[in-house]
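Presented below is the structure to which this report refers.
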There are 2 protein chains.
Amino acid sequence: MLKYSPPVDDVFRAVGDSTRRDMVERLGRGPASVSQLAEPLGMSLSAVVQHLAILEACGLVRSHKVGRVRTCRLEPMIMRTAEEWFASQRVAWERNLDRLGEYLAEGETKQRSKR
Amino acid sequence: MLKYSPPVDDVFRAVGDSTRRDMVERLGRGPASVSQLAEPLGMSLSAVVQHLAILEACGLVRSHKVGRVRTCRLEPMIMRTAEEWFASQRVAWERNLDRLGEYLAEGETKQRSKR
DNA sequence: GCAATACTTAAGTCAATGCTTAAGTATTCT
DNA sequence: AGAATACTTAAGCATTGACTTAAGTATTGC
């Protein structure tokens with residue numbers, strides 16, 4: 001199995017902030033301008049632009065400017081890589097349970113033979 | 001649609017740190033004591049205990065102590081809720097694309113024939 | 001009992017983050 | 001052209017977060 005790709009690191013830091021998650025949820029409902037993104041967030045436009053920069057840097061969001069309006073939208077493929085990190089950890093663990101039996105994890109275990 | 005449950009907020013902040021993700025990956029391979037968790041991380045045991053507290057607070061990890069050893073393991077159900085947040089955002093967005101047509105998000109709409 | 005082990009807790013430090021305000025720049029409207 | 005709009009960029013600042021060291025507390029081994 002390969003290690004998860006480097007950008008995943010930035011993706012997780014990006015969604016670690018609740019304001020940025022709100023932005024992602026807003027964009028999940030469709031593209032939006034920077035002002036539209038900012039409107040429900042109760043902070044300066046400047047702050048929103050800074051959050052946007054982080055979301056774009058990790059690839060979760062893309063934007064393009066037409067005239068004076070920058071329109072932003074989600075990049076679903078990057079969402080998928082984050083989603084898959086959780087899935088792979090969970091599946092590894094669940095496989096683990098199958099292999100060893102849950103009781104082994106209960107602490108009572110002494111020296112389980114390796115391999 | 002319901003809003004995602006409150007704990008999700010803490011889960012994302014928890015995995016926003018790469019050390020804690022390393023810990024989760026270690027635990028994905030099976031339960032471990034605090035010392036075993038700390039060993040590959042190159043930092044003090046104290047720091048690891050603090051990370052562990054955060055992972056436990058959000059429910060991603062559970063531990064129990066037997067004698068002087070605390071054994072930690074993953075809580076797969078919580079992983080699943082985080083996984084599903086990404087999935088739901090991505091799916092919402094993909095449904096959006098289906099509904100509106102990707103060209104609407106392109107802004108530039110260079111008159112390409114629809115469909 | 002005494003020492004080693006395996007954490008645990010409490011400060012304290014220092015850099016990274018999440019904002020703010022202020023001063024731009026580029027577009028569009030009238 | 002001048003004013004309004006929609007960002008953009010640069011400081012600055014207060015807080016949070018990720019460590020550290022140091023001093024505990026329980027357990028276990030000799």
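Chain letters run A, B, ... following the sequence lines, proteins first and then strands; every chain starts at 1.
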Review point. Cluster question for you: counting only ILVMFWY and a side-chain heavy-atom cut-off of under 4.5 Å, with indirect links fine, are A/Val8 and A/Ile78 together?
Key: yes
Practice item. Identify whether any heavy atom of B/Ser35 sits under 4.0 Å from a base atom; if not, whether one sits that close to sugar-phosphate; answer base, sugar-phosphate or nothing. Key: sugar-phosphate
Study note, to complete from the structure: From CD1 of A/Ile54 across to P of C/dA16 the rounded distance in Å is 14 Å
**Study point:** Side-chain donor/acceptor of B/Gln50 to base of C/dT9, under 3.5 Å
**Key:** no
Revision key, fill the gap. Taken to the nearest whole Å, CG/B/Leu52 to C1'/C/dT9 is 14 Å
**Study point:** Between C/dG18 (C1') and A/Asp22 (CG): distance, integer Å
**Key:** 14 Å
Check your understanding: Are A/Glu84 and A/Arg80 within salt-bridge range, i.e. N to O under 4.0 Å?
Key -> yes
Practice item. With the side chain of B/Val49 defined as its heavy atoms from C-beta on, choose the nearest nucleotide among D/dG29, C/dT8, D/dC7. Key: C/dT8
Exercise for review: Using side chain to side chain donor-acceptor pair (under 3.5 Å) as the criterion, list what pairs up with A/Arg13, not counting sequence neighbours.
Suggested key: none
Exercise for review: Report yes if at least one side-chain N or O of A/His51 is closer than 4.0 Å to OP1 or OP2 of C/dC19; otherwise report no.
Suggested key: yes
Check your understanding: B/Asp17 CG to D/dC19 P: how many Å, rounded?
Key -> 6 Å
Review point. Do any side-chain nitrogens or oxygens of B/Ser44 fall under 4.0 Å of OP1 or OP2 in D/dA22?
Key: no
Point to revise | Lys/Arg N to Asp/Glu carboxylate O, B/Glu83 vs A/Arg90, below 4.0 Å | key: yes
Practice item. Before accepting this row, confirm whether a basic side-chain N of the pair B/Arg21/B/Glu25 lies closer than 4.0 Å to the acidic partner's carboxylate O. Key: no
**Study point:** Atom pair distance, as rounded to whole Å: CZ in B/Arg20 and P in D/dG17
**Key:** 9 Å
Point to revise | A/Arg68 CZ - C/dG24 P separation (whole Å) | key: 20 Å
Review point. Within less than 4.0 Å of OP1 or OP2 of D/dA26, is there a side-chain N or O belonging to B/Arg70?
Key: no
Check your understanding: Under 4.0 Å between a side-chain N/O of A/Arg13 and OP1 or OP2 of C/dA16, yes or no?
Key -> no
Review point. Phosphate oxygens OP1/OP2 of C/dT27: is one of them under 4.0 Å from a side-chain N or O of A/Lys65?
Key: no
Practice item. Answer yes or no: does a side-chain N or O of A/Thr19 lie under 4.0 Å from OP1 or OP2 of C/dG18? Key: no
Practice item. Name the nucleic acid region contacted by B/Ser46, choosing base, sugar-phosphate or nothing; use a 4.0 angstrom heavy-atom cut-off, strictly under. Key: base
Point to revise | Separation of atom CD in A/Gln36 from atom P in D/dT5, rounded to whole Å | key: 16 Å
**Study point:** A/Leu37 CG - D/dT8 C1' separation (whole Å)
**Key:** 16 Å
